[in-house]
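First listed ligand is number 1; within each ligand, the first listed atom is number 1.
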Amino acid sequence: MRAMKVLVVGSGGREHALVWKLAQSPHVTRLWCAPGNAGIATERLARNGELVECVSLGAEDLPNLVTFAKEKRIGLTVVGPDNPLALGLVDLFQANGLRAWGPNRKAAQFEASKAFSQAFMEKHGIPTARSGVFDESGAAKTFASSLGGRCVVKADGLALGKGVLLCANVDEAERAVDEVMVKKAFGSAGSKVVIQELLEGIEISLHALCDGRTAKLFPGSQDHKRALDGNQGLNTGGMGTYSPVPFLSDSKLTKIGESILGPWLSGCAAEGIDFRGILYPGLMLTKSGPKVLEFNARFGDPETQVYLTRLESDLLELLDASTEVKLAPLGLEWSSLASVCVVMASAGYPGSYTKGKAIRGLEEAAQLPRVKVFHAGTARSGDGIVTNGGRVLGVTAWDVDLRSARALAYEAVGRIQFEGAHFRRDIAAQALSDAPTGMI
Ligand code: AMP
């Protein structure tokens, strides 16, 4: 393939991992990130040793991103977060004769509207939770009561990962419906709700790279959404991941993937949806089989950190093929090593937190072999690096098996300090101790 200049849009740990992997591609001649973070700005290109440059353009500043991409003659713009996709970044770039990787606005609805996804799953026979879609609170409450109140109330639109309320009884369910639909706790995202039965089981993440016709399944991974050990505390953007998932054999994974991606691809074809990007289904493995909880339309964060430390193929070649509908003949090569990512967060996250705390020990952690510290909410301040967000770092390590990768990740975490640093101590622990049975 031809060499090119690349722009990555976003500023989190996912984008650092994308930049780190793209920088290894011999096809990348220059690399920018908008707006990026302190870690991204230290990466160098394998091809020519040039530093990656961060540009102070917001991920949702579409007109200025277009101008920048034209000015720099960017060959491919790679979009990390969901919001710019839902706003139609890819469509706008195309209209301006530019290439951007990620689903167009219509395809991004899989994440931007839970009601759309739920209706799609039911229409095309994709295994999912029993559910209903409502734009009126009375009917929503009646349906929630029919489930005995054991349900999940989800705001339809994008709500920064917060618009999902888990309910154990009718009282809680009625309060949740009022919260979302009447009090509008998540703004207009809550004008419609999806109510799903509350599923029990083990949650895993799937990713598939798609080009509108073909979907290539990644290995399995698992995120840890709650803030505290033992899956306690508030839901977060994700506190740590690992891959592969030891209790999911390759054949099971393939079977699960086919049961979702088969009907999903034919559904897309039937509805004229041209999905080029990552489809990331959140899945519950239940006693009655795997069920899709939601679709995301971009790389997971922090799933990307463990996936890209295991990916052996050239990422630019894959993203280019996904954009050009040329994925079918390509194979995705994965290392047999296991990878673990532990997120270090600011005190108070996912609630309010303060920024600007000095981070120490990054160099000491980087001295460990098979360790990469991906930055999320960090900024440069004078000579040092300070915290600048809720999730601060994604400390990632890879090794022969999950046990040693996990030990290595925590050894690296132990070398890093900042005031109030908070992280879970049980990332990948359950997978190692009591491998779950009966759910798969
Ligand atoms: P979502 O954004 O739809 O994935 O929901 C966020 C989180 O809520 C998921 O990662 C699950 O942990 C939980 N969740 C969502 N839907 C359900 C469900 N039907 N049953 C149980 N837990 C759920």
Ligand-side contact atoms (ligand 1) for residue partner E197, heavy atom cut-off under 4.0 Å: 18 (C), 19 (N), 20 (N)
Note: ligand 1 atoms sitting under 4.0 Å from heavy atoms of M284 are 21 (C), 22 (N)
Is K291 in contact with ligand 1, taking contact as a heavy-atom separation below 4.0 Å? no
Determine whether S221 and Y307 make a side-chain contact, defined as any pair of heavy atoms from C-beta on separated by less than 4.5 Å. yes
For Q222, give me all partners under side chain to side chain donor-acceptor pair (under 3.5 Å), at least two apart in sequence or on another chain. Y242
Using the salt bridge (Lys or Arg N to Asp or Glu O under 4.0 Å) criterion, which residues pair with R391? Sequence neighbours excluded. D301
L85 vs V90, test: side chain to side chain contact (heavy atoms under 4.5 Å, CB included). Steps then yes/no. CA-CA 7 Å; L85 295 169; V90 172; 3.9 Å; yes
Measure the spacing between CG of N104 and CZ of F93 and express it to the nearest 0.5 Å. 14.5 Å
Check ligand 1 against K114 and write out every atom of the ligand that is under 4.0 Å from a heavy-atom position of the residue. 1 (P), 2 (O), 3 (O)
Quick one: which of R130, H224, E203 has a heavy atom closest to atom 12 (O) of ligand 1? E203
Set out, in order, the CA-CA distance, both residues' side-chain angles and the distance that settles side-chain hydrogen bond (donor to acceptor under 3.5 Å, both in side chains) for R226 and T236, then state yes or no. CA-CA 6 Å; R226 301 292 196 94; T236 69; over 6 Å; no
State whether the shortest distance between N or O atoms of L199 and N or O atoms of ligand 1 falls below 3.5 angstrom. yes
Backbone, side chain, both or neither: what part of L198 comes under 4.0 angstrom of ligand 1, heavy atoms only? both
Evaluate the criterion salt bridge (charged side-chain N to carboxylate O under 4.0 Å, His left out) for residue pair E43 and K372; output intermediate values, then yes/no. CA-CA 12 Å; E43 296 297 338; K372 176 71 191 172; 2.7 Å; yes
Tell me the contacting part of V152 for ligand 1: side chain, backbone, both, or neither, using a 4.0 Å heavy-atom threshold, strictly below. side chain
Select the closest option to atom 16 (N) of ligand 1 among E294, K154, K225, judged by heavy-atom distance. K154
